[in-house]
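Have a look at the structure below before the remarks.
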Amino acid sequence: MLQTMDRLHIVGGKNNQTCILCCSQNEIHDHLFFQCHYTRSIWEAISKQSGIYWPNIQ
Ligand SMILES: [Zn+2]
């Protein structure tokens, strides 16, 4: 299981749930992998370099 900030908050390890990549949203699984603008820029770069098209990347 991925220890995102929301999960670390639940188990008591972190009080701040903000995404460390964009500092604008809570870091939950969906945000970290699909919604974060920083992560999306990385997915888009990988897509362009590899020529692999992922339809969920807008
Ligand atoms: Zn983010």
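Computed from a predicted structure; not experimentally measured. Numbering of ligands and ligand atoms starts at 1, following listing order. Residue numbers count from 1 along this sequence.
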Quick one: are [X] and [Y] in side-chain contact, heavy atoms under 4.5 Å?
| X | Y | value |
| --- | --- | --- |
| Glu27 | Ile20 | yes |
| Ile52 | Ile46 | no |
| Leu21 | Thr39 | yes |

Completion exercise
Rounded to the nearest 0.5 angstrom, the NE2-NE2 distance for His31 and His37 is 7.5 Å
Exercise for the section: Output the atom name for the N/O/S atom of His31 with the smallest distance to the Zn ion (ligand 1). Expected result: NE2
Exercise for the section: Please state whether the separation between the Zn ion (ligand 1) and some N/O/S atom of His37 is under 2.8 Å? Expected result: no
Practice task
Would you check if the Zn ion (ligand 1) lies under 2.8 Å from any N, O or S atom of Cys36?
Solution key: yes
